[in-house]
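Nothing here was measured: the structure is a model prediction, and the numbers come from that model.
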Amino acid sequence: MLLVLVLVGLNMRPLLTSVGPLLPQLRDASGMSFALASLLTALPVVAMGIMALAGEWLSQHLNERKTVALSLVCIAVGALLRELAPHSTLLLSSALIGGIGIGLIQATIPGIIKRLFGHSTPAVMGLWSAALMGGGGLGAAVTPWLAQHSEVWFHALAWWSLPAILALTGWMVISQSAIRPPNKTLSAPRLRLHVSPRAWLLGLYFGLINGGYTSLVAWLPPYYMQLGSTPQSSGSLLALLTLGQTAGALLTPMLARHQDRRRLLLIALMMQLVGFCGFIWLPQQLPVGWALICGVGLGGTFPLSLVLALEHASHAPLAARLVAFMQGIGFIIAGVSPYLSGFLRSATGDYLADWIFHAACVAGLMLLTLRFAPSRYPSEWQAASHQKII
């Protein structure tokens, strides 16, 4: 099951990261403006948020096994649409369809992990997050090579349907015995998360963290191409950033030996701040270093923020609802980020304003992190975790 989770996770980001290295060619072929091109990253992320919010309603009509399978089909179809032509409507449709699939999986998997792996949740969540980010690195690094060796350059984008088909096959085989329907006696308490300030605070926190990632995915390769780098080298730089993310996602949860996650979160956020400052002031002096440092910081905060939300309630269905709500709000916020970045790029002529904005957001996140002491978790969520729900 762990191997299948890794294979599924590898499909969560290539739809986003494969676009950046080919963005100049896509813009030339489709006539997209910078703001419209940013929707190729923004649309999937917003779709992730919407589907996470709709996850509880969908769970009443589809079980977890069918939800993940349907989601992988959406990702495969989204990639295959890019085989046809670099037309703006087709590209945006592929981004939306794939984003729906990614959003459904990301809302479903944390609950599965918490139920199946219990006390190993932080380590397994780190493994899942590392696979997710490693897939993003593959999308950035391999797509330019595929474009060079494809009969038509934009066919490189469609090759990312193959990992989704492989993951779908593995999931259908393994999940048949591994995934059981949740116990009805463990149905989630009817707590209204949408009126909880803490739930919205977690959503804002998750959104600002991932907003930095989505902007880097969309604009880091074009930024370095503007500075004179080739598409292959700029794509490799994004791949290095995701390599750092993978390392951060694997290592940080292993270091989380205490329930209070704030110290590790602050360290990871400080690394992000160093990376963004490097992109601002010394972009050509040490680009590999800035990408790796920023990537480790981004990779560390992603699983830790998921674990942070899961630990607000020990009752698995309630924790799953909270994570879905946090991801829903967070990904909608993160989806706006690339569009804002594209707008700033059009307005200023470069990307520095965007990196400065995200550096300021990281500084604010460091202050916000201090509020997440375990002693300040909402008491009603803790009380509900110990109720016997019929």
Side-chain angles (χ1 to χ4, degrees), residues 9-10 12-14 16-18 20-21 41 126-145 208-256 263-305 334 337-338 341 351-352 354-359 361-363 365-366:
L10 288 172
M12 295 298 97
R13 290 296 179 267
L16 281 69
T17 59
S18 60
T41 302
L127 179 66
W128 157 257
S129 301
L132 183 150
M133 294 162 186
L138 288 173
V142 177
T143 301
W145 182 87
L208 292 178
I209 285 173
N210 284 278
Y213 169 73
T214 54
S215 285
L216 285 166
V217 164
W219 300 114
L220 186 63
Y223 174 52
Y224 273 92
M225 280 186 271
Q226 182 176 283
L227 295 176
S229 297
T230 64
Q232 181 68 60
S233 62
S234 60
S236 297
L237 196 62
L238 181 57
L240 285 171
L241 182 136
T242 54
L243 177 65
Q245 281 185 292
T246 305
L250 279 173
L251 295 176
T252 307
M254 295 180 184
L255 299 173
R263 180 179 296 180
L264 282 175
L265 281 165
L266 286 171
I267 293 172
L269 288 168
M270 178 60 72
M271 297 181 77
Q272 289 183 40
L273 186 59
V274 170
F276 277 116
C277 288
F279 292 139
I280 294 167
W281 287 310
L282 298 169
Q284 293 181 300
Q285 278 74 12
L286 196 60
V288 171
W290 309 135
L292 286 172
I293 291 171
C294 195
V296 172
L298 287 165
T301 50
F302 186 88
L304 283 176
S305 59
S337 183
S341 302
Y351 300 92
L352 292 181
D354 184 47
W355 307 145
I356 292 170
F357 169 74
H358 285 296
C361 286
V362 172
L365 286 168
M366 295 176 74

Nearest 0.5 angstrom please: L264 CG to T301 OG1, how far? 11.5 Å
Checking Y213 against M133 for the side chain to side chain contact (heavy atoms under 4.5 Å, CB included) test, could you report, in this order, the C-alpha distance in whole Å, the side-chain angles of both residues, the deciding distance, and whether it holds? CA-CA 10 Å; Y213 169 73; M133 294 162 186; 5.8 Å; no
Side chain to side chain contact (heavy atoms under 4.5 Å, CB included), that's the test. Do D354 and Y223 meet it? Break it down for me. CA-CA 11 Å; D354 184 47; Y223 174 52; over 6 Å; no
C277 side, atom SG; W290 side, atom CH2 - distance, nearest 0.5 Å: 9.0 Å
Does any part of the side chain of L250, heavy atoms only, come nearer than 4.5 Å to the side chain of L127, both counted from C-beta? yes
Give, for atom OG of S236 and atom CG of L240, the distance between the pair rounded to the nearest 0.5 Å. 7.0 Å
Spacing of W219 atom CH2 and Q226 atom CD [to the nearest 0.5 Å]: 10.5 Å
Ignoring hydrogens and geometry, is there a side-chain-to-backbone donor-acceptor pair from Q272 to V362 under 3.5 Å? no
Residue pair T246 / G134: nearest heavy atoms and the distance that separates them: OG1-N, 3.2 Å
Looking only at non-hydrogen atoms, find the nearest pair between P287 and L237 and report the distance. O-CD1, 3.6 Å
Shortest non-hydrogen contact from G135 toward T17: O-OG1, 4.3 Å
Taken to the nearest 0.5 Å, the spacing of S229 OG from L220 CG works out to 9.5 Å
Quick one: does S215's side chain have a donor or acceptor within less than 3.5 Å of a partner on G212's backbone? no
If I take atom OG1 from residue T242 and atom CG from residue L132, how far apart are they, to the nearest 0.5 angstrom? 10.5 Å
Note: A130 and A249 closest approach over all heavy atoms is N-CB, 3.6 Å
Output yes when a side-chain donor or acceptor of S18 lies under 3.5 Å from a complementary backbone atom of T143, and no otherwise. no
Please state whether the rings of Y351 and W355 are parallel, tilted or perpendicular, taking 30° and 60° as the class boundaries. parallel
Beyond-backbone contact of M270 with L266, side-chain heavy atoms, under 4.5 angstrom: no
Test side chain to side chain contact (heavy atoms under 4.5 Å, CB included) applied to F302 and N210, step by step: CA-CA 8 Å; F302 186 88; N210 284 278; 3.5 Å; yes
